[in-house]
Amino acid sequence: GINFHRANVIANICMITASDNKVISNSSPSKYFGHIPTASRDDIFARSFIEPKFRDGSLPFADFVGGRAAYLARVAEGLISSGELTL
């Protein structure tokens, strides 16, 4: 139920394969997070800059995107100020 332009903000983008994207496209996080392999889930979320509190897929879209955007901003500010990635 999220329109194209609202869904394609940086805070809602993750680097995945085109085939995986086709599978999860137009699905809620609660559905597609469940398709992430359990054994590598924490690593995938960490590399995607998704904080633990957002990893269960239960948040409404606006809350998830807002929280991830704030986290991405903090990570970017750290990179800009120190040149190092600190999480």
Side-chain angles (χ1 to χ4, degrees):
I2 308 298
N3 74 42
F4 176 83
H5 295 291
R6 189 165 171 229
N8 285 294
V9 295
I10 290 173
N12 194 38
I13 294 175
C14 220
M15 304 308 273
I16 59 174
T17 65
S19 60
D20 285 343
N21 189 48
K22 287 179 184 178
V23 170
I24 69 169
S25 184
N26 297 319
S27 297
S28 68
S30 62
K31 289 185 182 177
Y32 65 76
F33 282 4
H35 291 285
I36 298 170
T38 305
S40 54
R41 185 172 290 174
D42 286 339
D43 184 53
I44 291 169
F45 280 131
R47 290 174 187 267
S48 300
F49 300 102
I50 298 174
E51 290 182 284
K53 62 185 175 184
F54 300 123
R55 294 179 185 179
D56 67 359
S58 65
L59 291 176
F61 177 81
D63 294 342
F64 172 79
V65 169
R68 187 165 183 229
Y71 184 62
L72 289 170
R74 289 192 308 274
V75 170
E77 288 170 4
L79 281 168
I80 291 166
S81 65
S82 71
E84 296 180 15
L85 183 62
T86 55
L87 303 176

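Computed from a predicted structure; not experimentally measured.
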Problem set entry | Distance, nearest 0.5 Å, that separates CG of Asp42 from CD1 of Ile50 | 11.5 Å
Exercise. Can you tell me how far CG of Leu72 sits from CD1 of Ile10, rounded to the nearest 0.5 angstrom?
Worked result: 8.5 Å
Would you give me the side-chain donor-acceptor pairs under 3.5 Å for residues 59-69, sequence neighbours excluded?
unit_1	atom_1	unit_2	atom_2	d
Arg68	NE	Ser48	O	3.3
Arg68	NE	Phe49	O	3.4
Arg68	NH1	Ala11	O	3.0
Arg68	NH1	Ile13	O	3.0
Arg68	NH2	Ile13	O	3.3
Arg68	NH2	Ser48	O	2.4

For this session: Taking all heavy atoms of Ser82 and all of Gly78, pick out the closest pair and write down the distance.
Result: OG-O, 2.7 Å
Exercise. Is the closest side-chain heavy-atom distance between Thr38 and Arg41 below 4.5 Å?
Worked result: yes
For this session: Flag the pair Phe45 / Phe54 as yes when at least one side-chain heavy-atom distance between them is below 4.5 Å, and no otherwise.
Result: no
